[in-house]
Amino acid sequence: MPEETQQRYEDSDLYRIRHSAAHVMAQAVLEFYPEAKYTIGPPVENGFYYDFDLPRPLTAEDLEKIEKRMRQIIAGGHVFTKKVVSAEEAHQIFKDQPYKLDLIDGLEKGGFDEYGQPLAEKPEISIYQHDTFTDLCRGPHVENTRKINPSAIKLMSIAGAYWRGDEKNKMLTRLYGTAWKTAQELEEYLAMLEEAKKRDHRKLGKELEIFIYEDEVGPGLPLWLPHGGVMIEELEKLAKEMEEKAGYVRVRTPHLAKEALFLHSGHLPYYAESMYPPMEIEGVKYYVKPMNCPMHHKIFGSKPRSYRELPIRLAEYGTCYRYEKSGELFGLMRVRSMQMNDAHMYCSEDQFEQEFMGVIDLYHKYFELFGIQKFVMRLSLHGKEGLGKKYVDNERLWLKTEAMVRRAMTNGGVPFVEAYDEAAFYGPKIDVQIWSTIGKEFTLATNQVDFAQPGRFGLVFMNKNGVEETPLCIHRAPLSTHERMIGFLLEHYAGNFPVWLSPEHVRVIPITDNQNEYAEGIVRQLREQGIRASADLSAQRMNAKIREAQLMKVPYMLVVGENEANAGTVSLRVRDGSQQNNIPLAEFVVRAKDRIARRAKELF
RNA sequence: GCCGACGUAGCUCAAUCGGCAGAGCAACCGCCUUGUAAGUGGUAGGUUACGGGUUCAAUUCCCGUCGUCGGCUCCA
């Protein structure tokens, strides 16, 4: 990306427009609710928001009223004026605004800006005024309200948000808005949102019969329909091929284990809130596993290990259960039952870099196969304050392993960003960040260093010098979980999967019922060749059958009428709408099998 | 979990002020025998998420529970 040549968002006109629109919105809200307390209102990607502490909840009608009033304020052409003030003056101006006073204290002490973000230096305190509204603000703004295009703004939604983003604090009312330079830009943005909704995996998952949720089963517990089942099989086949080539071995472990195991691993103290509560049998507590690692550690420790057999790579598509808070569930992207593309690699310190980069290499192979281009690799580091709480209390090992990962990534020439205070409790990690079609951020793949658990489990191997040494462990899940991967792929391909991943490869469409028998014969032959095929023998006309197959995004439609039946050929209609008539069936089979076997990007 | 909105047939959606719950598609039974995105007639389909309340009368108003959605927080 040519980031250097791009203007920073903070310096752009749109940023000023949105920031100013947020102030105008706040003015309008305060006019309707003079007793409201206002907090912060920054520009964000595609728009802006403002958080208020309001006497009552807002409704959709309120949004309309506020938006209308905003247009009136804009038309007033009020000038934005900046004034630098002392902390005392600021206290006086905002004496009735407790949240502002809180922010001023942050500015005064230094260390935090007006949005509560950490700052390197103590900033000056400034206010911006326009018309009747005064805000604690460092700007920048447009010169006057007329610079906001009244036909290019729109209030989008009402949401809750905690003060300072902390769930222990009061829940405020957040108003989201969007603002652009022109009405056309606004229209395009809204159209883009509509388009994004069409590829939402929850919608496509239902339409393409991939998965469902059932009230009686439970939230976050998806039921995979036959089409989803096929996709899972294909992903597992892919992973197994790749992992076998890379020297992994497969293991299988149970869904439950005694409390003692998770105490031993250190998960319970850090993770109990995300685990399903224990069940007690014969006086012993059992937990449903939230991850596979403790069991894999037990397998590693099941016999004496020599440096000669390292690295040992234990792989398992293990099903895990995590008690995610109800409001956090989201389609397939955030679930409570998940099957992870999991493996644990045990290696010596001098093998670490090669092993770690071997995983990164695997990522790249998968991303190339799927054509994934928009992602960011994040190196997640520990936070000093969390040592002994969120993180294993051993700063020396944290710094050491973080440096190892940083060096490995740098030596491998893989671009990454660093994220402070986002590590796993047992070590630093590389997460692959992606975005859902409606803009939610997710970790797809993950690759984590574990310097804590092997020691806790007393895992050792005999090194060259005949001395016992503790291995490092790398946790990795390049294909994430079945749930998240399929959710992501649905959106990534908008349901138009490459042939190998398509739940149905071929739909045979007889033109009249005189060709039903011929169609069924074709299906038998295709299945014999490992091609997923079915015939549409319904009483509908050909056009309706084609339409249905198109809507289900079946890559190959084989239309057969009298001519084809007599000649032993098929008329191929590809999902992209192209057509090739009178192909001998054998020829179609050869080409289709080739596309499937190669996991080709092209259809035919 | 928190704030807010929503929940009607398998799916997508109607139902005025509280007054007999409706359509299209799908399903089923026929007719049509069809050449690359919906041929046509009929039949059936509902405890309006669940439980309570107000009322002569509740899809509609009120309370609770469950679930979904938009955010916040948290995460593979």
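From a predicted model like this one, the values you see are computed outputs, not experimental measurements. Labels below follow one simple rule: chain letters A, B, ... track the order of the sequence lines, proteins then strands, and each chain is numbered from 1.
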Quiz prompt | Minimum-distance nucleotide to A:Arg547 side chain [options: B:G1, B:G35, B:A38] | solution = B:A38
Quiz item: B:G67, B:G35, B:C74: which one has an atom nearest the side-chain heavy atoms of A:Glu562?
Solution: B:G35
Exercise. Could you check whether A:Asn341 gets within reach of a base, just the sugar-phosphate, or nothing at all, counting any heavy atom under 4.0 Å?
Key: nothing
Quiz item: Separation of A:Met333 atom CE from B:C74 atom P, in whole Å?
Solution: 20 Å
Quiz item: If you check the A:Arg541 side chain, which of B:G35, B:C3, B:C32 turns out closest?
Solution: B:C32
Quiz item: Are any of the side-chain nitrogens in A:Asp166 or A:Arg164 under 4.0 Å away from the carboxylate oxygens of its partner?
Solution: no
Quiz item: Say you pick atom C1' in B:A58 and the same atom in B:C20; how far apart are they, in whole Å?
Solution: 14 Å
Quiz item: Do A:His475 and A:Tyr426 have ring centres separated by under 6.0 Å?
Solution: yes
Quiz item: Donor-acceptor pair under 3.5 Å: do we get one between A:Arg174's side chain and the base of B:C72?
Solution: no
Exercise. Report the nucleotide, chosen from B:G1, B:C32, B:G70, that has the shortest atom-to-atom distance to any side-chain atom of A:Ile438.
Key: B:G70
Quiz item: Counting only distance, no hydrogens or angles, is the base of B:A76 paired donor-acceptor with the side chain of A:Glu324 under 3.5 Å?
Solution: yes
Quiz item: Of all the nucleotides listed (B:A37, B:G4, B:C69), which has the minimum atom distance to the side chain of A:Pro57?
Solution: B:G4
Exercise. Indicate, with a heavy-atom threshold strictly under 4.0 Å, whether A:Glu564 touches base, sugar-phosphate, or nothing.
Key: base
Self-check item: side-chain N/O A:Ser326 vs B:G1 OP1/OP2, d < 4.0 Å
Solution: yes
Self-check item: Pair A:Phe442 and A:Phe488, ring centroids less than 6.0 Å apart
Solution: no
Quiz prompt | 4.5 Å side-chain heavy-atom contact, A:Ile434 and A:Lys374 | solution = no
Practice problem: Kindly say whether, by distance alone, the side chain of A:Arg334 makes a donor-acceptor pair under 3.5 Å with the base of B:C74? | Solution: yes
Quiz item: Any side-chain donor paired with an acceptor under 3.5 Å for A:Tyr33 and A:Asp62?
Solution: yes
Exercise. Starting from Watson-Crick (N1-N3 plus N6-O4 or O6-N4) and G-U wobble pairs under 3.5 Å, report the runs of at least three that RNA chain B belongs to.
Key: B:1-7 with B:66-72, B:10-13 with B:22-25, B:27-31 with B:39-43, B:49-53 with B:61-65
Exercise. Using only heavy-atom distances, decide whether a donor-acceptor pair under 3.5 angstrom links the side-chain of A:Arg573 to the base of B:A37.
Key: yes
Quiz prompt | Side-chain donor/acceptor contact of A:Asp513 with base of B:U33 under 3.5 Å | solution = yes
Self-check item: Candidate nucleotides B:U73, B:A37, B:A76, ranked by approach to the side chain of A:Asn543 - the nearest
Solution: B:A37
Quiz item: Does NZ or CZ of A:Arg18 fall inside the cone over A:Phe48's six-membered ring, less than 6.0 Å from its centre and within 45° of the axis?
Solution: no
Quiz prompt | Candidate nucleotides B:C3, B:U68, B:A37, ranked by approach to the side chain of A:Ile546 - the nearest | solution = B:A37
Exercise. Tell whether A:Gln579 reaches the base of B:G35 with its side chain through a donor-acceptor pair below 3.5 angstrom.
Key: no
Self-check item: A:Tyr317 and A:Ile232, any side-chain heavy atoms less than 4.5 Å apart
Solution: no
Quiz item: When all nucleic acid strands are considered with a 4.0 Å heavy-atom cut-off, which category describes A:Thr481: base, sugar-phosphate, or nothing?
Solution: base
Self-check item: side-chain N/O A:Tyr270 vs B:C74 OP1/OP2, d < 4.0 Å
Solution: no
Quiz item: Does the cation-pi check pass for A:Arg336 over A:Tyr323, that is, NZ or CZ under 6.0 Å from the six-membered ring centre and within 45° of its axis?
Solution: yes
Quiz prompt | Per A:Ala159 side chain, nearest of listed nucleotides B:A76, B:A37, B:G71 | solution = B:G71
